[in-house]
Protein chains: 4
Amino acid sequence: MFQLDYLDHRPLYEQIKEKLKALIISGVLKPNERVPSVREMAQSLTINPNTIQKAYKDLELEGYIYAIRAKGSFVTPFNDKVNQARRGDLMLEIDKLVSELAYMNIPKEQLISRIEAIYSKKEGEKID
Amino acid sequence: MFQLDYLDHRPLYEQIKEKLKALIISGVLKPNERVPSVREMAQSLTINPNTIQKAYKDLELEGYIYAIRAKGSFVTPFNDKVNQARRGDLMLEIDKLVSELAYMNIPKEQLISRIEAIYSKKEGEKID
Amino acid sequence: MFQLDYLDHRPLYEQIKEKLKALIISGVLKPNERVPSVREMAQSLTINPNTIQKAYKDLELEGYIYAIRAKGSFVTPFNDKVNQARRGDLMLEIDKLVSELAYMNIPKEQLISRIEAIYSKKEGEKID
Amino acid sequence: MFQLDYLDHRPLYEQIKEKLKALIISGVLKPNERVPSVREMAQSLTINPNTIQKAYKDLELEGYIYAIRAKGSFVTPFNDKVNQARRGDLMLEIDKLVSELAYMNIPKEQLISRIEAIYSKKEGEKID
DNA sequence: GTGGTCTAGACCACC
DNA sequence: GTGGTCTAGACCACT
């Protein structure tokens, strides 16, 4: 499914969270699709199940997946009501990054075209 | 100059770096202006000088300030050649954030207008 | 009759107990009325009959329903002698919750008016 | 500080959370007071530090304590803005309990006098 | 010394 | 078989 980077200084569970989030966001994992069980994932990454457990629990708290005991874990279907706080955080992060890029004299057109590209790719998927 | 947030779980030196960077980016600290000495800053924040030292060293490596022994540290004047790696990192971060916002159905117009606002504010300062 | 919430991390039988209790307490299920059989309930919720069985057995032990073999389960008519232990437990729980609300500076008038409302609603039902 | 009940079927960390919360709510632990370190608590209860860690982390997420790396954990000073969600949850729980008590014919006067007692005790402490 | 991360291996409740 | 809890013991970054 993906690989870990042991040179990365962040905790393993952070990497796992990031990779899974990316799969969900990019649409590789569809809403309500089952994600690998804690043990399956632990085996395929050859790390301890507790580390996966922690990553999954965090993702559940953040609203990306949900767990059903004795059934497995699944991708949360997107819901506009959820994660308003998260949206605010993302906006603040974007502001900081954009300020830094502006300071470096990156032309804003470059940024905007990048955004257009990401959004139009997403539109393309919807049509599928 | 600024305050530390002890509830933030990041290392203190990360916070210091972030705050100083923000001051530089926003133009509060001008190019070649002297930043407070390690001791001054340590005293005003009542933390260990080693922590400030580490923050300054990182900022120097990232190209935001330069140190002159026995004189102090100063804001690096902007230079196109500096920090091409940093730019790439920022772009990757932006991509990740934008993907997540797209996943959350934030309209791209909202993002773009936000960017316009930040850039036009910066233009305004230049004229000063 | 009711729906299960698979996102709830409590065991399913706990949810079933809670919902049935609510139906009894609110008067939707009257004293000596028959509650759905284990099989009926299992079918309508599409879960394993063992899970329903466990919920019913617990409710019987707690004094909310009684079972007659080959006939089904029925709502226990209210009886002052029953459940003195349960009352004590509820009082302890109330104490804990009220302490927490007091800590949060919720005015006691708000609590009391809430209690009045619940009791007066119950009185209204009795008259029916 | 307190003792664990190994006959209790709930996870140990839940018991620890409950006991600590009670100490905070009752005012035994004052705002900004330091709570025992993870290791101290683990030793005094003779359980594994990881279990304490989990309890403390949960309490931090719920807003009762805050942790500062290399310093310790401390009681969060009460803040009206925090935990509005928690308040709503508590209110729903109270409603359920009161309904059940009403069903058992507990006179509402008994409930109200209990609430008065808890609140007046809290007022007494404030004057101290 | 503090909070935080990780492993290896065990056991439990649930379905 | 699944998610969740717990232990014992280790190591890390930070102050």
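Values in this document were obtained by computation on a predicted structure and should not be read as measured data.
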Q.
Tell me which nucleotide, if any, is Watson-Crick or G-U wobble paired with F:dG1 when both distances must be under 3.5 Å.
A. E:dC14
Q: Select one nucleotide: of F:dG3, F:dT7, F:dT2, the one nearest the side-chain heavy atoms of D:Ile47.
A: F:dT7
Q) Considering only E:dG4, E:dC14, E:dA8, which nucleotide approaches the side chain of A:Asn48 most closely? A) E:dA8
(Q) Just to be sure I understand the rule, does D:Glu40 reach a base, reach only the sugar-phosphate, or reach nothing, if contact means heavy atoms closer than 4.0 Å? (A) sugar-phosphate
Q: Name the closest nucleotide to the A:Ala70 side chain, picking from E:dC6, F:dT2, E:dG1.
A: F:dT2
Q. Does the side chain of A:Gln53 get closer than 4.0 angstrom to OP1 or OP2 of F:dG3 through an N or O atom?
A. no
Q: Taking all heavy atoms of C:Glu100 and all of D:Leu90, pick out the closest pair and write down the distance.
A: CG-CD1, 3.7 Å
Q: Starting at OG of D:Ser44, measure out to CD of D:Gln3 and round the result to the nearest 0.5 Å.
A: 9.5 Å
Q: Answer yes or no: is there a side-chain heavy-atom contact under 4.5 Å between D:Tyr66 and D:Val75?
A: no
**Q.** Polar pair under 3.5 Å, donor/acceptor by atom type, side chain A:Asn50, base E:dG9
**A.** yes
Q) D:Glu60 has an atom CD; how far is it from atom C1' of E:dG4, in whole Å? A) 11 Å
Q.
I need the C:Lys54 NZ to C:Leu59 CG distance, nearest 0.5 Å.
A. 11.5 Å
Q) So does A:Lys57 get a side-chain nitrogen or oxygen closer than 4.0 Å to the phosphate oxygens (OP1/OP2) of F:dG4? A) yes
Q: Check the distance between E:dC14's P and A:Ile68's CD1 and give it to me in whole angstrom.
A: 16 Å
Q | Heavy-atom donor-acceptor pair, A:Arg39 side-chain to F:dG3 base, under 3.5 Å | A | yes
(Q) OP1 or OP2 of F:dG3 versus the side-chain N and O atoms of C:His9: is any pair under 4.0 Å? (A) no
(Q) Please determine whether a side-chain nitrogen or oxygen atom of A:Thr51 lies at a distance below 4.0 Å from atom OP1 or OP2 of E:dT7. (A) yes
Q. Is there a donor-acceptor pair under 3.5 Å between the side chain of B:Thr76 and the backbone N or O of B:Gly63?
A. yes
Q.
Go through it in stages, so that I can follow the logic: the residues are C:His9 and C:Glu14, the test is side-chain contact (heavy atoms from CB on, under 4.5 Å), and I'd like the CA-CA distance, side-chain angles, deciding distance and then a yes or no.
A. CA-CA 10 Å; C:His9 277 204; C:Glu14 284 282 6; over 6 Å; no
Q: Report yes if a side-chain nitrogen or oxygen of D:Tyr56 is closer than 4.0 Å to either non-bridging phosphate oxygen (OP1 or OP2) of E:dG3; otherwise report no.
A: no
Q: Return the value, rounded to whole Å, for the distance between atom CG of A:Leu59 and atom C1' of F:dG3.
A: 15 Å
Q: Ignoring backbone atoms, test whether A:Ser73 places a side-chain nitrogen or oxygen under 4.0 Å from the OP1 or OP2 oxygen of F:dG3.
A: yes
Q) For C:Pro11 and D:Val38, take the nucleotide of DNA chain E holding the closest heavy atom to each; which residue's nucleotide lies nearer the 5' end? A) D:Val38
Q | First encountered from the 5' end of DNA chain F, between A:Arg34 and B:Tyr13 | A | A:Arg34
Q) Given that A:Lys54 and C:Arg10 both sit by DNA chain E, which one's nearest nucleotide is further toward the 5' end? A) A:Lys54
(Q) Is A:Lys71 close enough to F:dG1 that one of its side-chain N or O atoms is under 4.0 Å from OP1 or OP2 there? (A) no
Q) Could you give the OH-to-C1' distance, from B:Tyr6 to E:dG3, as a whole number of Å? A) 16 Å
